[in-house]
Amino acid sequence: MPEHDNGLARLERQLEIDFERLNLPVKSWCPPSPESGSQCDILIVGAGMCGLAAAFALRCQGVTAIRHIDHHNDGYEGPWLNYARMQTLRSPKHLTGPALGFANLTFRAWYEAQHGSDGWETLDRIGRTVWMDYLRWYRRVTGAQVENNIRLTSIQPFSEQVVVSCTNANGNSSEITTRQLILATGREGQSQPRVPKALVNLFSQSDHRVQHSSASIDFSALAGARVAVVGLSASAFDNAATALEAGASQVTILGRADALPSVNKMKQTVYPGFTHGYPLLSDDWKIRIMRYIAQTRIAPPRGSVLRIADNPRAELLLDAEITRATDNGNSIQLTSKKGDVAADYVILATGFSIDLHSPPECQSLAAHILRWGDRMPNEPLDEWMNAPCLGDGFEFLSRPASPLPGLDRIRCFTHTAQLSLGNLANDIPAVSEGAFRLATSVTAALFAADIDYHWQRLTEYGEPELLGYEWPV
Ligand SMILES: Cc1cc2nc3c(=O)[nH]c(=O)nc-3n(C[C@H](O)[C@H](O)[C@H](O)COP(=O)(O)OP(=O)(O)OC[C@H]3O[C@@H](n4cnc5c(N)ncnc54)[C@H](O)[C@@H]3O)c2cc1C
């Protein structure tokens with residue numbers, strides 16, 4: 001019998017022992033929470049990697065009155081089975097991701113338990129769907145209690161609590177009152193698809209001939225079609241490959257840059273010094289680093305480029321910024337410096353830009369949230385200036401001119417935290433450190449807010465150490 005038969009069951013038993021030895025989850029120390037399910041200490045919105053890591057980090061701190069929602073179906077959270085179209089992750093397989101310091105919770109442990117150490121050695125990159133399987137397992141063994149098919153629709157902070165509205169799959173609404181709200185809403189949260197100016201009108205048409213790569217594109221409709229893909233990102237190559245594999249007759253990738261970016265500077269930020277030191281840097285250093293990384297552009301993964309490089313139906317046009325896009329009825333004409341391209345469909349693999357007004361749930365808050373543009377009014381108004389300027393525990397801060405009581409009860413544990421706190425809530429490498437930071441800050445806030453209760457417990461505490469007859473007198 002191969003050594004790894006029943007390996008997963010053994011790993012799970014080992015994890016239980018790890019948790020037991022570390023007394024996890026820590027016993028709840030918060031004031032008893034009300035019976036009603038509509039009130040909780042923490043509401044986490046989003047059960048992707050960041051939301052799951054946050055939930056487990058909080059339970060490890062003894063914070064248990066948590067509700068956790070996600071609007072996707074159970075097991076389909078995040079981009080992986082939705083709009084991600086790569087074959088494998090960009091990240092190297094050895095990253096420990098959301099494991100929060102538990103060796104037995106790593107992707108490697110999970111993979112080796114099923115495929116043995118030989119399987120691990122021969123694995124090159126983590127398959128996209130395999131990663132989703134790992135996240136499903138992570139959710140189960142860390143005891144996350146996620147309620148799926150529930151969408152957060154509005155947020156109203158008050159000085160003592162936050163009241164949110166949600167809608168379920170049947171369209172029924174409900175309210176939840178929470179003391180702290182964690183938005184782990186991913187790229188969908190606080191952002192919107194970046195659309196080149198020339199394509200704004202065609203993008204808003206309802207015929208879906210111009211779509212963003214984050215849409216659920218029906219690739220079967222692209223069979224036999226000419227497809228233009230805009231951008232040089234990982235998504236550009238993965239969407240181009242998916243279109244070719246679906247039978248597109250021709251795929252043209254158009255990029256603004258005059259050379260394909262070949263380096264991923266983000267990789268040079270994955271070390272403890274950067275993770276822990278970045279949040280302490282001055283504003284000038286923060287913006288300098290993030291702008292530099294963005295300006296040098298991130299190379300598409302080699303595997304994604306090789307996926308189509310030899311395909312005679314694929315074409316790459318560099319230095320080809322689109323200056324005009326016209327709908328000729330039968331086709332869309334894209335005008336660029338490199339000439340015109342006629343396409344039946346256009347896919348915008350142009351990423352997302354931060355827009356606090358964009359998710360419906362944030363609309364009533366957006367005008368109150370302090371942004372980097374408020375903090376650095378003399379800086380050029382690029383997209384970074386729209387990013388929220390967060391406190392040390394990912395909390396929103398109020399603009400001085402329009403304070404909103406309770407806004408700091410809302411924690412923004414998404415990629416929009418990047419300029420404030422570094423790469424703690426966007427990618428796999430430092431998500432555990434991000435979750436620790438978040439959980440520690442939330443735990444401290446709950447304790448401080450409940451100091452009367454904790455004082456009373458301290459004064460009432462009387463468990464004797466000595467029983468009175470240890471020293472006979
Ligand atoms: C195509 C793609 C490939 C990537 N590849 C890599 C990679 O190789 N390596 C790497 O390190 N990073 C990668 N990333 C970046 C990052 O790791 C992922 O985006 C990751 O999914 C981030 O996790 P998250 O929990 O922040 O967001 P998500 O996984 O997107 O989860 C957010 C969840 O919030 C839910 N949600 C949003 N709004 C609401 C609402 N109003 N109500 C209820 N639920 C809501 C969504 O349903 C979703 O399930 C990739 C990202 C993308 C888009």
Side-chain angles (χ1 to χ4, degrees), residues 43-46 48 50-51 69-72 79 83 150-158 162-167 173 175-176 178 180-197 199-206 210-215 287 290-291 294 348 350-377 379-391 394-421 425-426:
L43 173 65
I44 303 174
V45 183
C50 287
I69 62 170
D70 194 295
H71 75 76
H72 276 305
Y83 63 88
I150 300 187
R151 182 185 286 276
L152 171 73
T153 52
S154 76
I155 306 171
Q156 182 66 59
F158 296 95
V162 181
V163 179
V164 308
S165 301
C166 302
T167 314
S173 302
E175 274 193 353
I176 302 174
T178 183
Q180 297 271 331
L181 172 64
I182 295 172
L183 297 176
T185 47
R187 294 270 188 297
E188 294 170 50
Q190 300 120 33
S191 295
Q192 61 171 320
R194 198 181 282 130
V195 181
K197 248 195 208 132
L199 282 143
V200 169
N201 286 342
L202 293 178
F203 179 68
S204 53
Q205 283 180 9
S206 57
V210 179
Q211 296 193 78
H212 189 262
S213 58
S214 62
I287 191 70
M290 288 304 163
R291 276 199 182 130
L348 305 176
T350 41
F352 298 85
S353 58
I354 297 173
D355 179 359
L356 296 174
H357 289 273
S358 136
E361 66 267 21
C362 286
Q363 278 171 11
S364 63
L365 311 176
H368 301 278
I369 297 172
L370 184 73
R371 312 207 186 148
W372 277 90
D374 303 319
R375 174 106 159 204
M376 304 185 88
E379 284 293 316
L381 272 180
D382 60 9
E383 285 181 14
W384 288 113
M385 294 297 116
N386 289 330
C389 193
L390 301 176
F394 296 91
E395 66 276 24
F396 284 132
L397 303 173
S398 280
R399 283 177 150 158
S402 54
L404 185 61
L407 190 63
D408 59 354
R409 290 179 177 275
I410 306 171
R411 316 281 178 149
C412 179
F413 194 46
T414 74
H415 64 106
T416 62
Q418 201 178 22
L419 180 53
S420 301
L421 296 169
N426 41 315

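Numbering of residues begins at 1 and proceeds along the displayed sequence.
A 4.5 Å side-chain heavy-atom check between Met385 and Ile287 finds at least one atom pair inside the cut-off. Side chains of Phe394 and Ser420 form no contact here, defined as non-hydrogen atoms less than 4.5 Å apart. The shortest distance between side-chain heavy atoms of Ser173 and Ser165 does not fall below 4.5 Å. In this structure, the side chains of Pro388 and Arg371 stay at 4.5 Å or more apart for every pair of heavy atoms. By the 4.5 Å heavy-atom criterion applied to side chains, Cys50 and His415 are not counted as neighbours. Counting only heavy atoms from C-beta outward, the side chains of Phe352 and Arg194 never approach each other to under 4.5 Å. Here the side chains of Ile69 and Ile44 are not in contact, with every heavy-atom distance at 4.5 Å or above. Within the 4.5 Å cutoff, no side-chain heavy atoms of Asn386 are placed close to those of Asp355.
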Could you go through the side-chain contact (heavy atoms from CB on, under 4.5 Å) check for Ile176 and Cys166 one step at a time? CA-CA 8 Å; Ile176 302 174; Cys166 302; 3.9 Å; yes
Using the side-chain contact (heavy atoms from CB on, under 4.5 Å) rule, take His357 and Gln192 through it: C-alpha gap first, then chi angles, then the decisive distance, then the call. CA-CA 9 Å; His357 289 273; Gln192 61 171 320; over 6 Å; no
Please walk me through it: do Glu379 and Arg291 pass salt bridge (charged side-chain N to carboxylate O under 4.0 Å, His left out)? CA-CA 12 Å; Glu379 284 293 316; Arg291 276 199 182 130; 2.5 Å; yes
Using the rule given for side-chain contact (heavy atoms from CB on, under 4.5 Å), can you reason through Val162 versus Ile155, listing the C-alpha separation, both sets of side-chain angles and the distance that settles it, and then say yes or no? CA-CA 7 Å; Val162 181; Ile155 306 171; 3.6 Å; yes
Passes side-chain contact (heavy atoms from CB on, under 4.5 Å), Leu365 versus Ile410? Steps please. CA-CA 10 Å; Leu365 311 176; Ile410 306 171; 3.8 Å; yes
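The aromatic ring centres of His212 and Tyr83 sit 6.0 Å or more apart.
Heavy atoms only, all atoms of each residue included: Phe203 and Val210 are closest at CD1-O, 3.6 Å. Nearest heavy atom pair, residue Ser214 against residue Pro193, reads OG-CG, 4.3 Å.
Glu175 CD to Thr153 OG1: the interatomic distance, rounded to the nearest 0.5 Å, is 9.5 Å. Interatomic distance, CD of Glu395 versus CD1 of Ile182, reported as 11.5 Å (0.5 Å rounding). The structure places CG of Leu152 at 8.0 Å from OG1 of Thr185, a figure rounded to the nearest 0.5 Å. Atom CD1 in Ile354 sits 8.5 Å away from atom CD in Gln190 (nearest 0.5 Å). Rounding to the nearest 0.5 Å places CG of Leu356 at 6.5 Å from OG1 of Thr416. The distance from atom OG1 of Thr414 to atom CZ of Arg187, rounded to the nearest 0.5 Å, is 9.0 Å.
Using modelled atom types, no side-chain atom of Ser398 and backbone atom of Leu407 make a donor-acceptor pair closer than 3.5 Å. Between the Ser358 side chain and the Ser191 main chain, a donor and an acceptor come within less than 3.5 Å of each other.
The side-chain hydrogen bond (donor to acceptor under 3.5 Å, both in side chains) test applied to Gln180 returns Arg411, not counting sequence neighbours.
A salt bridge is absent between Glu361 and Arg151: the closest approach of a Lys/Arg side-chain nitrogen to an acidic carboxylate oxygen does not fall below 4.0 angstrom.
A side chain to side chain contact (heavy atoms under 4.5 Å, CB included) with Phe396 is found for exactly one of Leu181, Leu370, Leu183, namely Leu183.
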